[in-house]
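Handing you a structure now.
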Amino acid sequence: MATAAVSVSSCLRAVVASSSSSSTSSCSYSYCYFYSRRHLPTTSRTPKFAKPHFVSLPSFVASRPLVVAAAAMSYDKEFAAAKKAASLAARLCQKVQKELLQSDVQSKSDRSPVTVADYGSQAIVSFVLERELSTEPLSLVAEEDSGDLRKDSGKDTLQRITKHVNETIATDGSYSASPLSPEDVLRAIDTGKSEGGSFGRHWVLDPIDGTKGFLRGDQYAVALALLDDGKVVLGVLACPNLPLASIAGNVTSENAVGCLFYAKVGSGTFMQSLDGSSPVKVHVSDIGNSEDASFFESYEKAHSMQDLTSSIARKLGVKAPPVRIDSQAKYGALSRGDGAIYFRFPCKGYREKIWDHAAGCIVVTEAGGVVIDAAGRPLDFSKGRHLDSDTGIIATNRKLMPSILKAVRESLEEKPTSW
Ligand SMILES: Nc1ncnc2c1ncn2[C@@H]1O[C@H](COP(=O)(O)OS(=O)(=O)O)[C@@H](OP(=O)(O)O)[C@H]1O
Ligand SMILES: [Mg+2]
Ligand SMILES: [Mg+2]
Ligand SMILES: [Mg+2]
């Protein structure tokens, strides 16, 4: 098997440089929903066509009544708000990426990078969701917090974030209120402190997934999903640098970039350009012979064990070299069949965050794919801010999954000291 990684970074770098000015899982849901009234702040959560009635609760939720809705939730309002929020946040990211200054990059306590755009994107998404869905209190599980921005050393950065946020909101034209103050921006960012969990609704946001890719001018994604009672019910991935045409084999016939992927439970996955072209329904690859498959993995060596994935690929007879791109753009590309497999095997001890997979997971499953951990279990987003999985993640189509799981198990059993 060829070992050289294919990267789409060079053509993307050219695009960025040329515009630079200065520098479950199973998603087939049952049609009966039970809600504790604690998680039902308004009657707006009851579908209009369903007549709610109250039944007694099991003891674990005390004596609160339940509403039984005899139809699937439509989530239409939430879906529209999510698409708007992610698209507007992506607009802010594109602008900042063009103007990227070294001073806009900070290091967090875990030494990972964070930029004006990560914070600005989180503030925009929080602002849009609050405005669009004002009938419900917003619970948001998001990556960033305002801690560093509240220090004296963060004041200049906060001013720049506030400017970008207000300029981006103004480009949309639908919010007429006065500009946000720096304090409003800090508050919007800190809406993301929710712990999530298995009850009620929680939005899950990675304001920039693949910050290192963003800084290189490569792939990144704004990733937004909604959990309802621990299950992902909708997801949106804005991938500003992903070519609209397939990146299979690194061949792109056109330079146009900027994809918006979105999926709602039971409704399939769609892709449109970030500029708003008509949506197309996408589907994962239907390859059934692993020798014909290609696989995605992280661009950053430190994020996934490439020795392990190359051992698995050898067992599967995969001939194509790995396609290494940053962020959940991998899930987006997989959902439209640019490749057939996504492998992610972080080093021992790394704890996966729910915002790194929630949106990507539903985008792939609604496109007909399967996303599981290496133990063969669906991803469980109900356990708080982290995924309850330390074995690695595999996404592919239904035909390939059994042979892939077998190859993964065999490779893990061989287990040299490096993994
Ligand atoms: N050590 C380690 N192992 C595994 N994963 C890690 C690690 N460190 C970070 N991260 C997370 O990886 C997120 C970036 O996604 P990818 O790894 O798919 O993209 S990349 O190619 O590596 O850039 C990245 O997301 P962002 O922080 O949102 O960019 C991190 O959450
Ligand atoms: Mg980060
Ligand atoms: Mg991330
Ligand atoms: Mg991030």
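Ligands are counted one by one from 1 in listed order, and the atoms in each one are counted from 1 as well. The first residue of the sequence shown is numbered 1, and numbering continues consecutively from there.
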Exercise. Between Glu143 and Arg385, is the closest basic N to carboxylate O distance under 4.0 Å?
Worked result: no
Problem set entry | Under-2.8 Å protein N/O/S neighbours of the Mg ion (ligand 3), ordered by chain then residue number | Asp206 OD2, Asp209 OD1, Asp356 OD1
Problem set entry | Carboxylate-amine/guanidinium contact Glu414 Lys315, below 4.0 Å | yes
For this session: Answer yes or no: is there an ion pair linking Glu132 with Lys84, defined by an N-O contact shorter than 4.0 Å?
Result: yes
For this session: Examine Lys264 relative to Tyr75 and say whether NZ or CZ is less than 6.0 Å from the centre of the six-membered ring and inside a 45° cone about the ring axis.
Result: no
For this session: Might you point out which heavy atoms bring Ile341 and Leu400 nearest each other, and give the distance in Å?
Result: CG1-CD1, 4.4 Å
Exercise. Thinking salt bridges, do Glu130 and Arg187 make one under a 4.0 Å N-O criterion?
Worked result: no
When the side chains of residues 331-338 are checked against the rest of the protein, which donor-acceptor pairs come out under 3.5 Å, sequence neighbours left out?
from	atom 1	to	atom 2	distance (Å)
Tyr331	OH	His357	ND1	2.7
Ser335	OG	Gly332	O	2.7
Arg336	NE	Asp338	OD1	3.1
Arg336	NE	Asp338	OD2	2.9
Arg336	NH1	Pro243	O	3.1
Arg336	NH1	Leu244	O	3.2
Arg336	NH2	Pro243	O	2.9
Arg336	NH2	Ala245	O	3.0
Arg336	NH2	Asp338	OD2	2.9
Asp338	OD1	Ser246	OG	3.2
Asp338	OD2	Ile247	N	3.0

Exercise. In chain order, what residues pass the salt bridge (Lys or Arg N to Asp or Glu O under 4.0 Å) check against Arg377, with sequence neighbours excluded?
Worked result: Asp373
Exercise. Would Lys212 and Leu215 count as a side chain to side chain contact (heavy atoms under 4.5 Å, CB included) if you check the C-alpha gap in whole Å, the side-chain angles of each, and the deciding distance to 0.1 Å?
Worked result: CA-CA 5 Å; Lys212 289 179 181 165; Leu215 289 168; 5.5 Å; no
Problem set entry | Residues in the immediate environment of ligand 1 (any heavy atom closer than 4.0 angstrom) | Glu143, Asp206, Ile208, Asp209, Gly210, Thr211, Ser298, Tyr299, Glu300, Ala302, His303, Ile325, Asp326, Ser327, Lys330, Tyr342, Arg344, Pro346, Tyr350, Asp356
